[in-house]
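I have placed the structure first, in the form of structure tokens, so that the comments after it can refer back to it.
Chain naming here is simple, since letters A, B, ... match the order of the sequence lines and numbering starts at 1 in each. Small disclaimer: the values here were computed from a predicted structure and weren't measured.
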Amino acid sequence: MGRYFLTTPIYYVNAYPHLGHAYTTIVVDTVARFHRVLGHEVFFLTGTDEHGDKIQKTAKDRGITPQQLTDEVSAAFKKAWEFFGISFNYFIRTTYPQHKKVVQYVLQKLYEKGEIYLDEYEGLYCVGCERFLTNKELDENGCCRDHKTKPVYIKEKNYFFNLEKYRGWLKDYLIKNDVIYPEFYREEVLNMLEEELPPLCISRPKKRLSWGIELPFDKDYVTYVWFDALINYLTAIGYPENPEWEKWWAGAHHFIAKDILKPHAVYWPIMLKAMEVPMYKKLLVHGYWLVDKLKMSKSIGNIVDPVELAKRFGKDQLRYFLLREMAFGYDSEFSLEAFITRINSDLANDYGNLIYRTLTLVTKQMKGKVPHLGKLQSEDKELLASVKEALETYASEFKAFQFHRALESLWNGIRKCNVYIDRAAPWQAIKNGDLERAGTVLRILLECIKSFAIALSPVMPDSSKALLSYIGFTKEPSWEDALSFEALKEGEKVERGKPLFPRVEMPSEEKKPENGKKEGKKEEKKCYPIEEFTKWEFRIAEVISAEKVKGTDRLLKLKIRCPEERQIVSGIAEYYKPEELIGKKIVVVTNLKPAKIRGVVSEGMLLAAHDENGLTLIVPEKDITPGAKVK
RNA sequence: GGCGGCGUAGCUCAAUUGGUUAGAGCAUGUGGCUCAUAUCCACAGGGUUGGGGGUUCGAGUCCCUCCGCCGCCA
């Protein structure tokens, strides 16, 4: 019997949950549910990381205490996970007294062992980054590249943790044990271990940062980041007091995104070694969800809100999509089109339709009862063999964290069922009066559907539960039931219910403008009469003034003359400075309905062209008076 | 600059240790079915496997080199 301790990272409460957080959490939830179906014991941990200078600063800016801030954001995470039906066993917060106690216990222990020591550090400190910079991180003017400010010289005493001491051990351990998955991340970590590891600074003087856990051996300092955050994994299972912790620790699987690979693959193992705690079992590293090829970030403004998506398209639909679309370990592109395609083609057409057509026949032709399983014909046996194979591949891919391949395999089984129902044509048998044969075919299909529902219950818990109840399967599902094709009870009531996975339409206003090669293809198909074009009025306009729209990164407010004066708002601030626009003659669409953009009225739209390298305004090649019509 | 990853059909991805004719899904086209959520089934078109060179009886796979994208480190 397996015992699994599954963790997500604890999420930093400086931001609200986004798609990346949701992905990690849903993956772990799915794995947790999968192991529970297999009959394993599971402890699933998630939570929030709540200390540090960013929190202190944000709280100060908002005029609330750090505790109020972290209470608020931590609750938002918990609420989001509850919304998604995340089956965590414990939600930890680093501000819990118990956690502070454990962190201090560990620090004290390592301090006494001599693993932690005080040292004087001098160097250039960037106030914006809130950290020391090396010379190579400075630009040619000696300024911070991110903040364009001169760092200040600081001489400061801090506590350090010696990483180098255990580097050889870790390297050896990682070579001999399959800890990190996918394997190319192990290569990356081994590469990090090629060179000497500098000591890890683990403290901040309280005069700079008070929002943290105090060092037990020095009241003037708090601990910083990793000793606080990573230790949560041990706090949650009762380390060090409750001896139960060891039984869970032996099955510890940490799931993370690739951005925190180093702390989890280098710092944490060395911390454990120094603490004389055994190494965790596995580290599972996934990639990023990209939007338009870019990482999601606040400054680009392309953050995807998972709760909103799930509310619009369904929780189970989103869970399915996230697991089906991303090859675990690699980056994946998120797009609404891809999501909707998955919903319609995989869920509505293949799976949903299989369910619905089967249940319709059973409810209408079999009096709504699970029919008798008669003598099997060769086509029946063939189907059951391939469905069984699909289920077994599903399970083995799942255990290897290849969720997308697991689901792909299961869908092979689902498609086989659609082929089977076509070939066996139970509706035909009914017309011919052979109810026995039709019953057997439908019973086989019901059994397959039950197997799919059980197999998918970790991924889509709500729909699976509903589906199983439709077909009269009400007990707690187990994997044995999934692999059995006689798990349903003959005569049990079957109801059709509503379609579980309705088709969805791509909202037209969110259709992306096609670009690149796609555009050429579409243009051949979609042509418009010239009247469509002549509806639009384009005129030359002179820019009189330009300024940034407050609180936005991309928007500029322009006053233009064309020849009357108008105000337009345009998203070109990343490419043009306000001052370089003044006096420019540009092309503007002048008969658009006025619109409010971020509260500012816009009476037109300027024309610009852009590609991956940037954006350029369309300007007249010779001088011309403002107001001139463009045809 | 060092290291790593990726590059395969229009798109997303497959192809044990090198081994028949490089495969799926989506999209496209044609035909069929009518139980079903305009769904399903069948067939078809679509590839110089980023370029070049090498090893081999045989290379998407191994080696060298160049190009492009991404990441980590400095």
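Residues passing the side chain to side chain contact (heavy atoms under 4.5 Å, CB included) test with Glu492(A) are Val370(A), Lys489(A), sequence neighbours excluded. Partners of Phe161(A) by ring pair (Phe, Tyr, Trp, His ring centres under 6.0 Å), not counting sequence neighbours, listed by chain and number: Phe227(A). Partners of Lys311(A) under the side chain to side chain contact (heavy atoms under 4.5 Å, CB included) rule, at least two apart in sequence or in another chain, are Phe83(A), Val307(A). Residues passing the ring pair (Phe, Tyr, Trp, His ring centres under 6.0 Å) test with Phe313(A) are Phe339(A), sequence neighbours excluded. For Gln365(A), the side chain to side chain contact (heavy atoms under 4.5 Å, CB included) partners at least two apart in sequence or on another chain are Leu361(A), Ile430(A). Judged as a ring pair (Phe, Tyr, Trp, His ring centres under 6.0 Å), and not counting sequence neighbours, the contacts of Phe255(A) are Phe401(A). With sequence neighbours left out, the ring pair (Phe, Tyr, Trp, His ring centres under 6.0 Å) criterion links Tyr394(A) to Phe398(A).
For the C1' atoms, the distance from A14(B) to G23(B) is 7 Å, rounded to whole Å. Separating the C1' atom of C41(B) from that of C35(B) is a span of 13 Å, rounded to the nearest Å. For U34(B) and A22(B), the C1' atoms lie 37 Å apart once the distance is rounded to whole Å.
Counting heavy atoms of neighbouring residues, nucleotides and ligands inside a 6.0 Å radius, atom NZ of Lys282(A) exceeds 12 of them.
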Scan nucleotides 1-6 of chain B against the protein and return all N/O pairs shorter than 3.5 Å with their distances rounded to 0.1 Å.
from  : atom 1 : to        : atom 2 : distance (Å)
C3(B) : O2'    : Asn191(A) : OD1    : 3.1
C3(B) : O2'    : Asn191(A) : ND2    : 2.8

Enumerate the protein-to-nucleotides 40-46 of chain B contacts in which both atoms are nitrogen or oxygen and the separation is below 3.5 Å.
from   : atom 1 : to        : atom 2 : distance (Å)
C40(B) : OP1    : Asp350(A) : OD1    : 3.4
C40(B) : O2'    : Arg357(A) : NH1    : 3.3
C40(B) : O2'    : Asp422(A) : OD1    : 3.4
C41(B) : O4'    : Asp422(A) : OD2    : 2.9

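In RNA chain B, stems built from 3 or more consecutive Watson-Crick or G-U wobble pairs, each with both distances under 3.5 Å, span B:1-7 with B:67-73, B:10-13 with B:23-26, B:28-32 with B:40-44, B:50-54 with B:62-66.
Each ring-ring contact (aromatic ring centres under 6.0 Å, His included) pair with one or both residues in residues 356-380 of chain A, not counting sequence neighbours, would appear here, but there are none. The stretch residues 264-274 of chain A participates, sequence neighbours left out, in these side chain to side chain donor-acceptor pair (under 3.5 Å) pairs: Tyr233(A)-His264(A), His254(A)-Trp268(A).
Using a 4.0 Å heavy-atom criterion, one finds that Tyr185(A) contacts no nucleic acid atom at all.
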